[in-house]
Amino acid sequence: MIEYIEAVLDGAVAQPRWELYRVLAEPVRLRLLALAAEEELAIGELASLLGESQPNVSRHLTPLKQAGLVLVRRQGTRAFVRIAEAAAVDPVVADALASGRALCEGDGSLGRIAEVLRERDQVAREFFAQEPASTEPEELLEATRAYVAALACLLPRRALAIDAGTGDGAQLDVLAPAFERVIAVDRSAAQLERARARVQKRSYANVQLFKAELGAPELREHVGEGADVVFASRILHHAPRPIDLMRQLTQLARKADAGPGSGGAVIVVDYARHDDESMRDEADLWLGFDSSELSRLGREAGLSSPHVIRLPAAWCGRGKDAHLPWQVMVARRDDNG
């Protein structure tokens with residue numbers, strides 16, 4: 001029997017055993033605990049699921065946080081709540097979770113979590129479905145493409161690359177000269193039309209455009225045995241559940257066929273943690289990721305040896321996000337099952 005539950009956020013002190021029973025005596029807290037165990041949710045999302053005001057949810061979260069039962073992660077002005085894994089092994093907490101889950105199943109809030117995640121995703125869908133402004137990025141110098149093609153000869157395997165969430169296809173100016181075949185995939189028809197215009201203008205005969213969700217079976221079938229490299233540039237912060245997107249990227253990479261280090265690579269470019277709330281106007285669900293968080297997502301998705309580096313500011317383009325800190329994670333899919 002665990003005698004104390006240690007708070008793990010904001011330096012809260014350990015709680016005596018009797019205090020744990022007091023904290024878990026409120027039905028609202030039981031429901032909060034159950035929802036936080038199911039999915040990391042924003043306080044506003046919890047309030048909506050429970051039919052409570054945000055101040056009331058915050059009031060009930062305070063003793064749960066002080067008892068070390070939940071963790072609160074801040075993203076700009078928003079706060080996301082998840083259960084503390086160490087707390088869930090306590091038999092009293094496990095019993096409270098079962099009771100809270102029963103309450104949430106009874107009131108339907110547990111089943112509505114999927115709807116909350118769909119609402120997150122809808123923000124990005126609507127944003128990228130809009131007719132984009134005509135803002136042709138700075139042209140890549142013709143000589144640069146020649147240099148890329150020359151350097152590509154140093155790559156051991158370059159049969160297939162996937163540009164996941166290709167958008168306007170800007171990354172194709174690097175991938176098309178380097179790989180024998182490129183699949184540029186996006187779920188937005190508006191974005192694919194921009195990519196199509198680029199492909200036609202550059203006469204990229206080795207690029208195929210594909211409209212699909214990244215987890216769609218038809219895309220997996222089209223990819224076949226998997227790509228040598230899967231690129232995902234600045235799409236992770238739009239994902240309702242980043243771990244799901246990371247797993248989809250991993251499944252598109254080629255399995256290992258010659259021991260460790262022989263699987264396809266997954267390269268994710270995204271923002272480091274920042275606090276620019278204005279980026280939510282660009283359908284950003286997450287204000288970047290800590291390097292450790294990005295590595296953890298890679299490992300949980302089945303990638304090995306994720307390596308994260310910060311990119312120099314001069315490499316971050318001239319767009320609305322040029323002022324943000326960019327980083328890149330490189331990892332490999334090394335399973336062969």
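Just so it is clear, the values below take in all heavy atoms, side chains as well, and ignore hydrogens, waters and symmetry mates. Throughout, residue positions are numbered sequentially from 1 according to the sequence presented.
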Checklist entry - More than 12 non-hydrogen atoms from neighbouring residues, nucleotides or ligands closer than 6.0 Å to CG on Asp275, yes or no? => result no
Checklist entry - Leu245 and Val328: same hydrophobic cluster, using ILVMFWY side-chain contacts below 4.5 Å? => result no
Checklist entry - Is there a donor-acceptor pair under 3.5 Å between the side chain of Arg310 and the backbone N or O of Pro325? => result no
Checklist entry - Hey, are Lys320 and Asp284 close enough for a salt bridge, meaning a charged N less than 4.0 Å from a carboxylate O? => result no
Item to check | Short side-chain donor-acceptor distance under 3.5 Å, Asp186 and Ser188 | outcome: no
Item to check | Linked, directly or transitively: Leu97 and Val23 (ILVMFWY side chains, under 4.5 Å) | outcome: yes
Next on the checklist: Minimum heavy-atom separation for Ala253 and Ala265, please, with both atom names.
Outcome noted: CB-O, 4.4 Å
Item to check | Residue pair Trp326 / Trp315: nearest heavy atoms and the distance that separates them | outcome: CZ3-O, 4.2 Å
Checklist entry - So, do Leu35 and Val81 sit near enough that their side-chain heavy atoms are less than 4.5 Å apart? => result no
Checklist entry - If you take all heavy atoms of Gly100 and Ala34, which pair is closest and at what distance? => result C-CB, 3.5 Å
Checklist entry - Is the backbone N or O of Ala176 less than 3.5 Å from a side-chain atom of Asn206, with the two atoms forming a donor-acceptor pair by type? => result yes
Item to check | Among Val308, Val269, Leu311, the one residue meeting side chain to side chain contact (heavy atoms under 4.5 Å, CB included) with Gln327 | outcome: Val308
Checklist entry - Side-chain contact, heavy-atom cut-off 4.5 Å: Glu45 with Arg120? => result yes
Checklist entry - Can you check whether Leu32 reaches Glu52 side chain to side chain, under 4.5 Å on heavy atoms? => result no
Next on the checklist: Working to the nearest 0.5 angstrom, can you tell me the gap between Ile183 CD1 and Leu175 CG?
Outcome noted: 12.0 Å
Checklist entry - Once the angle between the rings of Phe231 and Phe179 is folded into 0 to 90°, is it parallel (under 30°), tilted (30 to 60°) or perpendicular (over 60°)? => result perpendicular
Checklist entry - Less than 4.5 Å apart, any side-chain heavy atom of Leu294 and any of Pro306? => result no
Item to check | Backbone of Gly263 reached by a side-chain donor or acceptor of Arg332 within 3.5 Å | outcome: yes
Item to check | CG-CG distance between Leu46 and Leu41, expressed to the nearest 0.5 angstrom | outcome: 5.0 Å
Item to check | pair Ile235-Leu214: side-chain heavy atoms closer than 4.5 Å | outcome: yes
Next on the checklist: I'd like to know if Val174 and Ile162 are part of one continuous hydrophobic network [Ile/Leu/Val/Met/Phe/Trp/Tyr, side-chain heavy atoms within less than 4.5 Å].
Outcome noted: no
Checklist entry - Would you call Glu225-Arg254 a salt bridge at under 4.0 Å N-O? => result no
Checklist entry - Between the main-chain N or O of His237 and the side-chain N or O of Asp270, is there a donor-acceptor pair closer than 3.5 Å? => result yes
Next on the checklist: With a 4.0 Å cut-off on N to O distance, would you call Glu115 and Arg112 a salt bridge?
Outcome noted: no
Item to check | Working for side chain to side chain contact (heavy atoms under 4.5 Å, CB included), residues Phe127 and His238 | outcome: CA-CA 10 Å; Phe127 180 83; His238 294 300; 5.5 Å; no
Checklist entry - How many angstroms lie between atom CZ of Arg247 and atom CG of Leu303, to the nearest 0.5 angstrom? => result 11.0 Å
Checklist entry - Is Arg241 close to Glu40 at the side-chain level, that is, under 4.5 Å between some pair of heavy atoms? => result no
Checklist outcome for this item: Value for OH (Tyr204) from CG (Leu172), rounded to nearest 0.5 Å, stands at 7.5 Å
Checklist outcome for this item: On a heavy-atom basis, the closest approach of Leu30 and Leu24 is CD2-O, 3.5 Å
Checklist entry - Would you call Asp257 and Lys255 a salt bridge, using N to O less than 4.0 angstrom? => result no
Next on the checklist: Under a 3.5 Å distance rule, please check whether Ser48 uses its side chain to pair with a backbone N or O of Gly44 as donor and acceptor.
Outcome noted: no
Item to check | Test: Asp290 and Arg273 ion pair at under 4.0 Å | outcome: yes
Checklist outcome for this item: Separation between CZ (Arg299) and OG1 (Thr250), nearest 0.5 Å, reads 13.0 Å
Item to check | ring-ring contact (aromatic ring centres under 6.0 Å, His included) contacts touching residues 69-90 (sequence neighbours left out) | outcome: Phe80-Trp286
Next on the checklist: Does His323 form a side chain to side chain contact (heavy atoms under 4.5 Å, CB included) with His274? I'd like the steps, not just the answer.
Outcome noted: CA-CA 10 Å; His323 65 290; His274 65 87; over 6 Å; no
Next on the checklist: What verdict does the side chain to side chain contact (heavy atoms under 4.5 Å, CB included) test give for Leu209 and Lys211, after you've listed the backbone C-alpha separation in whole Å, the side-chain angles of each residue and the deciding distance to 0.1 Å?
Outcome noted: CA-CA 7 Å; Leu209 301 177; Lys211 185 178 183 298; over 6 Å; no
Checklist entry - With hydrophobic residues grouped by side-chain heavy-atom distances under 4.5 Å, do Val268 and Val229 end up in a single group? => result no
Next on the checklist: Measuring only between side-chain heavy atoms, which start at C-beta, is Arg101 closer than 4.5 Å to Glu38?
Outcome noted: yes
Checklist entry - Given the rule in the side chain to side chain contact (heavy atoms under 4.5 Å, CB included) test, do Leu20 and Leu69 qualify, once you have shown the distances and angles that lead to the verdict? => result CA-CA 9 Å; Leu20 182 59; Leu69 302 182; 4.0 Å; yes
Item to check | Arg198 (side chain) donor-acceptor with Asp168 (main chain) under 3.5 angstrom | outcome: yes
Checklist entry - Are Arg234 and Glu282 close enough for a salt bridge, meaning some N to O gap below 4.0 Å? => result no
Checklist entry - Do Tyr271 and Ile267 sit in the same hydrophobic cluster, where Ile, Leu, Val, Met, Phe, Trp and Tyr count as joined when their side-chain heavy atoms come under 4.5 Å apart? => result yes
Checklist entry - For the residue pair Ala301 and Ile243, what are the closest heavy atoms and their distance? => result N-CD1, 4.0 Å
Next on the checklist: Looking at Asp228 and Ala161, would you say the former's side chain and the latter's main chain have a donor-acceptor pair under 3.5 Å?
Outcome noted: no
Checklist entry - How far apart are the closest heavy atoms of Ser304 and Asp334, and which atoms are they? => result OG-OD2, 2.8 Å
Item to check | Atom CZ of Arg74: over 12 foreign heavy atoms under 6.0 Å | outcome: no
Checklist entry - Quick one: does Met329's side chain get under 4.5 Å of Met246's, heavy atoms only? => result yes
Item to check | Worked verdict on Glu26 versus Arg59 for salt bridge (charged side-chain N to carboxylate O under 4.0 Å, His left out) | outcome: CA-CA 12 Å; Glu26 289 278 352; Arg59 180 175 66 82; over 6 Å; no
Checklist outcome for this item: Between the CZ atom in Arg118 and the CD1 atom in Ile113, the distance rounded to the nearest 0.5 Å is 11.5 Å
Checklist entry - Any donor-acceptor pair under 3.5 Å linking the side chain of Arg202 with the backbone of Asp173? => result no
